[in-house]
Asker: 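Quick one: the structure is below, and I'll ask about it shortly.
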Amino acid sequence: MNKVVLAYSGGLDTSVAIRWINEQYNLDVVAVTVELGNQGDLEAIRDKALRTGAIKAFFENAKSDFIRYFVFPSLQAGAMYEERYPLATALARPLIAKVLVDHARREGATAIAHGCTGKGNDQVRFDVSIAALAPDLQIIAPVREWQMTREEEIRYAQQHDIPVPVTLDSPYSTDENLWGRSIEAGILEDAWAEPPEDAYAWTMNPRHAPDEPSYVEIEFERGAPVSLDGEVLDGEALINRLNDVAGSHGVGRIDHIENRLVGIKSREIYECPAAVVLHTAHAELEKMTLSKDQMRFKQLISREMADLIYNGLWFSALTQDLMAYVSSSQRYVSGTVRMRLFKGVCMAVGRRAERSLYNPALATYGEGDVFDHKAAVGFIRLWGLPLENQARTQWLDRSPDDFLRLSAPESRAEHGSTSLRNDG
Ligand code: ARG
């Protein structure tokens, strides 16, 4: 019998999928669980896959590849989708796809299967990534294909002796890895409703967070974090530790109305303590070490990278090209940022870098000022020259009051709703 490699989480959907694929496609299922942080009891997941009918079950600890090839590059890129979401799930999908393809090749499988629905971004990320890495493999998405309601799915599970997890009682749909946790559904679908405390698992309510701040010093080398408070740590330990300390101060909660690739706006809650602290610290270090022009240009790259990652195009040529720029931009982004964590807020309060462009001798108002004050006069004359020229030739009939009126927003109270701004 031909084989299919299934991305297996141990949850109800992918468990039912094992049987469903057996029946509908007549394929043997090889279950692969990819560990990217907080996956739970991996032995139990493997057992369950085998008991449910998989012919083989593997788990892959891909955490270090995740950090090295996805998380830290996205941090260096400053990639935050819609300026809010650090992309934990979005970054994981292409790596999971890669691991699935590796297993498919090893097993000689003809297909890959995943448990995504037809409404989300994840199906796009999986399908596109698999197609990029192994265009010959068939893709099966049981949950997208079967027409079962939740109740029918549970009945199917019971009929096939598939254990139905008790966590099904949770009103939320969640996903997590070491870069963050996402929470959707239930009451959260009401965009007006404040998330109840039980939506959160990684972060303390800031109201109950310690009354004293914590400080943490994060050292970066070429844009990647290497130590905390002077202690050199590998990426996983560093991220775990930051998730703990920042989470305990209530840092990293995100409440976001997000534009999905499939055209839906969705209300997303995230908990990403380490990601928020590291992005904030990294951006702070770039302020010290990148020129104004580099920073302006990098904002374009950050936005583009975030969209590429979110939209499932990690393996695209454009992503590779932009990452080459990002990597080059990080040459001097080495130094230390001191972060204050307090009552849900993380803030940079100190920063230093060996190749810092922040030059106290130029910046100071005190002793040792080397800035050439006289040079300012000539600079300003040229800077303002176009305006002065325009004033002399075109603005002769304007009064200073006219300039104020030109910038005022239309006020409903003063003008009524139909009047147009008068710019005469
Ligand atoms: N909205 C986020 C994203 O698109 C989170 C998705 C969570 N995925 C999940 N299967 N629960 O990346």
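Hydrogens, waters and symmetry mates are skipped; everything else that's a heavy atom, side chains included, is used. As the structure is a computational prediction, the values presented were derived from the model and not from experiment. Just follow the structure's listing: the first ligand is 1, and inside any ligand the first atom is 1.
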Asker: In terms of atom number and element, which parts of ligand 1 are under 4.0 angstrom from non-hydrogen atoms of Asn121?
Answerer: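 The atoms of ligand 1 under 4.0 Å from a heavy atom of Asn121 are 3 (C), 4 (O).
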Asker: Tyr332 and Gln294: side-chain donor and acceptor closer than 3.5 Å?
Answerer: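 Checked: Tyr332/Gln294 side chains show no N/O donor-acceptor pair below 3.5 Å.
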Asker: Among protein heavy atoms, which sits nearest to atom 10 (N) of ligand 1, and what does the distance come to when rounded to 0.1 Å?
Answerer: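 Here the nearest protein heavy atom works out to Asp122 OD2, 3.0 Å.
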Asker: Quick test of your reading of the model: are Glu258 and Arg84 salt-bridged, counting only N-O distances below 4.0 Å?
Answerer: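 Salt bridge absent between Glu258 and Arg84.
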Asker: Answer with side chain, backbone, both or neither: which part of Tyr81 has a heavy atom less than 4.0 angstrom from an atom of ligand 1?
Answerer: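 The answer is neither; Tyr81 stays 4.0 Å or more away.
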Asker: At a 4.0 Å threshold, what atoms of ligand 1 neighbour a non-hydrogen atom of Glu258?
Answerer: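 Close to Glu258: 1 (N), 2 (C), 3 (C), 4 (O).
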Asker: Distance under 4.0 Å to a non-hydrogen atom of Glu184: what atoms of ligand 1 satisfy this?
Answerer: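 The atoms of ligand 1 under 4.0 Å from a heavy atom of Glu184 are 6 (C), 7 (C), 11 (N).
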Asker: Could you tell me whether Arg338 sits above the aromatic face of Tyr215, with NZ or CZ closer than 6.0 angstrom to the six-membered ring centre and within 45 degrees of the axis?
Answerer: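 Relative to the ring axis of Tyr215, which defines the angle, Arg338 lies inside both limits.
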Asker: So that I know where these two stand, are His256 and Tyr85 an aromatic pair - ring centroids less than 6.0 Å apart?
Answerer: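 Ring-ring flag for His256/Tyr85: false, centres at least 6.0 Å apart.
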Asker: Which ligand 1 atoms are under 4.0 Å away from a heavy-atom of Tyr85?
Answerer: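 What qualifies from ligand 1 is 2 (C), 3 (C), 5 (C), 12 (O).
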Asker: Quick check on the 6.0 Å ring-centre criterion: do Phe70 and Trp314 meet it?
Answerer: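 They qualify: ring centres under 6.0 Å apart.
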Asker: Please work out whether any backbone atom (N, CA, C, O) or any side-chain heavy atom from C-beta onward of Arg260 is under 4.0 Å from ligand 1, and answer side chain, backbone, both or neither.
Answerer: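 Contact part for Arg260 vs ligand 1: neither.
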Asker: How close does the nearest protein non-hydrogen atom get to atom 7 (C) of ligand 1, and which residue and atom is it?
Answerer: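 Scanning the protein heavy atoms, the shortest distance from atom 7 (C) of ligand 1 goes to Ser182 OG, 3.4 Å.
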Asker: Take every heavy atom of Arg125, measure it against each atom of ligand 1, and state whether any distance is under 4.0 Å.
Answerer: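 Distance cut 4.0 Å: Arg125 passes for ligand 1.
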Asker: Note the single closest protein heavy atom to atom 2 (C) of ligand 1, along with its residue, its atom name and the distance in Å.
Answerer: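 Its nearest protein heavy-atom neighbour is Tyr270 OH, 3.1 Å.
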Asker: Do Ser334 and Arg222 pair up side chain to side chain, a donor and an acceptor below 3.5 Å, judged on atom types alone?
Answerer: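 The answer is no; no qualifying pair exists.
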Asker: Is any side-chain N of the basic residue among Glu197 and Arg253 closer than 4.0 Å to the acidic one's carboxylate O?
Answerer: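 Here Glu197 pairs with Arg253 in a salt bridge, since their nearest N and O are under 4.0 Å apart.
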